[in-house]
Undergrad: 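Got a structure here, written out as structure tokens. Questions coming.
Only this structure's heavy atoms are used, side chains among them; waters, hydrogens and symmetry mates stay out. All chains are named by letter (A, B, ...) in the order of the sequence lines, taking the proteins before the strands, and each is independently numbered beginning at 1.
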There are 2 protein chains.
Amino acid sequence: MDRLGHEVLAAVLQVRSWSLQVLLWQRAKEPQAGHWSLPGGQLGATEDVEASVRRQLAEKVDVRQLSHVEQLQVFSAPNRMPGARVLATAFLGLVPSDNDPEIPADTRWFPVDALPATAFDHHAIVLRARDRLRSKLSYTNLGFALAPPSFTISELREIYAAALGHRVSATNLQRVLSRRGQLEPTGQTAVSGPAGGRPAAVFRFTCRDMFITDPFAVLRPPTTRR
Amino acid sequence: MDRLGHEVLAAVLQVRSWSLQVLLWQRAKEPQAGHWSLPGGQLGATEDVEASVRRQLAEKVDVRQLSHVEQLQVFSAPNRMPGARVLATAFLGLVPSDNDPEIPADTRWFPVDALPATAFDHHAIVLRARDRLRSKLSYTNLGFALAPPSFTISELREIYAAALGHRVSATNLQRVLSRRGQLEPTGQTAVSGPAGGRPAAVFRFTCRDMFITDPFAVLRPPTTRR
DNA sequence: TCAAAAGTGTTCTGCCTACACCCATGA
DNA sequence: TCATGGGTGTAGGCAGAACACTTTTGA
């Protein structure tokens with residue numbers, strides 16, 4: 001065999017209603033009719049895989065506001081789908097929590113920890129996307145990709161807590177991100193809630209492209225001169 | 001387009017002569033005759049990409065002692081090679097420093113920081129493999145894949161220094177790896193050198209499968225009960 | 001004046017680096 | 001007993017978690 005099909009698949013993640021959710025599309029036809037699958041499609045002749053996944057998401061599910069896209073891994077088991085062999089390049093895509101993309105009738109958002117019956121190996125892809133996101137929130141500035149353009153620390157804490165799957169302290173979150181130079185105040189303050197309380201300062205991320213903030217924990221290069 | 005070629009390519013890295021080196025193969029035919037390229041080949045019909053890369057390395061360059069193999073990324077630029085389009089799944093492969101595989105006449109080891117003229121996008125693949133290795137030495141037990149079955153701390157320091165590209169303190173290396181439970185003494189001691197000196201204790205890695213030793217640096221789950 | 005929410009000060013802990021010092025061997 | 005290399009003790013620093021405390025608002 002030297003010619004085979006190649007598709008791109010995207011696990012598009014967004015924090016919605018205090019949980020990390022993924023966009024899935026319900027299959028109308030066999031195989032696996034009724035099962036839910038990741039958006040994507042065949043790689044085009046003149047595009048690389050990243051361009052392809054961005055195009056497919058824009059065309060098929062009208063998701064254009066991707067704040068971050070990164071390749072996860074190739075899934076290549078010979079029997080991963082019935083019929084002619086198809087390889088898949090899987091992607092992680094992120095959408096800021098203030099966006100609500102128009103999606104077709106046969107697509108829905110599902111919490112990543114409560115997936116419906118999924119098609120083929122798509123369940124594994126979603127879990128891999130989730131784990132990649134969780135890791136990178138720790139050692140990169142990737143929070144910008146889940147957050148709106150500006151936010152209070154409380155709002156940001158909700159987003160991090162949903163993405164990470166555990167409670168997050170607003171105090172420590174602010175300190176960690178500030179020390180790393182990821183946050184800057186906009187100067188504005190949010191309005192207090194109905195129950196009163198001190199109005200929150202509004203922040204934004206200083207950079208909206210991903211970079212590594214915590215390069216290596218151990219075995220650093222020596223600092224000694226000579 | 002819905003049928004296309006797919007190859008697997010491996011950046012096989014090994015610490016040789018105090019430097020991190022990669023195995024390259026010199027192209028005899030056009031395109032890019034004379035340039036050096038990564039070992040690999042077409043994906044077979046009944047194998048996944050990892051099985052394929054292991055098979056190709058065993059067949060073509062007689063490398064069978066791979067201590068670790070992991071997928072890096074798909075390279076898919078439409079013009080990455082002339083002629084019919086071919087996607088490539090790139091891998092990182094590691095060989096322990098005490099092995100010296102039999103390699104064909106047209107293959108050679110090169111330091112990753114002094115590569116010859118390379119074919120296509122293979123230079124980028126080597127750099128990516130190098131960076132992946134360097135990162136993982138910090139937060140996983142991946143050192144086992146570069147080290148012989150047993151070694152002194154000094155020998156291990158040489159290996160880490162070559163792989164990381166900077167000096168490494170034997171003191172701190174031992175402490176970090178011991179604290180993480182990666183090392184255990186074999187009970188043996190090495191013989192002293194010609195100039196005397198205290199004989200070194202011999203160690204081995206407790207586990208020879210990769211796992212993460214330093215899961216997340218920040219934003220850990222809260223430890224508070226209830 | 002009180003409750004609620006935001007933000008800061010401070011302590012504690014654990015991990016890593018650096019470096020001084022002690023140990024075991026061959027000549 | 002001295003040089004050589006191996007190994008340990010220990011101090012310093014830094015980053016993160018936890019929590020007490022202060023600040024600022026609405027009612």
Undergrad: Do any of residues 137-147 of chain A sit with a heavy atom less than 4.0 Å from DNA chain D, and if so which?
TA: none

Undergrad: So do the side chains of B:Leu24 and B:Ser37 get within less than 4.5 Å of each other, counting heavy atoms only?
TA: no

Undergrad: Each nucleotide N or O in nucleotides 25-27 of chain C that has a protein N or O under 3.5 Å away: list the pair and distance.
TA:
{"unit_1": "C:dT25", "atom_1": "O2", "unit_2": "B:Gly197", "atom_2": "N", "d": "3.0"}

Undergrad: Could you state the CZ-P distance from B:Arg167 to C:dC19, rounded to the nearest angstrom?
TA: 10 Å

Undergrad: Could you state the CZ-P distance from B:Arg157 to C:dA18, rounded to the nearest angstrom?
TA: 14 Å

Undergrad: Does the side chain of B:Phe203 come within less than 4.5 Å of B:Ile153's, by heavy atoms?
TA: yes

Undergrad: Round to a whole Å and report the spacing from CG of B:Leu156 to C1' of D:dG6.
TA: 14 Å

Undergrad: For nucleotides 11-13 of chain D, list the nitrogen or oxygen atoms of the protein found under 3.5 Å from its nitrogen or oxygen atoms, one pair per line.
TA:
none

Undergrad: Looking at the base of C:dT8, is there any donor atom on it, or on the side chain of A:Thr171, that sits under 3.5 Å from an acceptor on the other one?
TA: yes

Undergrad: Can you sort out which residues in residues 183-191 of chain B have a heavy atom within less than 4.0 Å of DNA chain C? Ascending by number, please.
TA: none

Undergrad: Thinking salt bridges, do A:Glu158 and A:Arg167 make one under a 4.0 Å N-O criterion?
TA: no

Undergrad: Name every residue in residues 172-181 of chain B that has at least one heavy atom under 4.0 Å from any atom of DNA chain D, in order of residue number, or write none if there are no such residues.
TA: B:Gln174, B:Arg175

Undergrad: Can you list everything that forms a salt bridge (Lys or Arg N to Asp or Glu O under 4.0 Å) with B:Arg55? Sequence neighbours excluded, please.
TA: B:Glu47, B:Glu59

Undergrad: Would one find a side-chain N or O of B:Thr152 under 4.0 angstrom from OP1 or OP2 of D:dG6?
TA: no

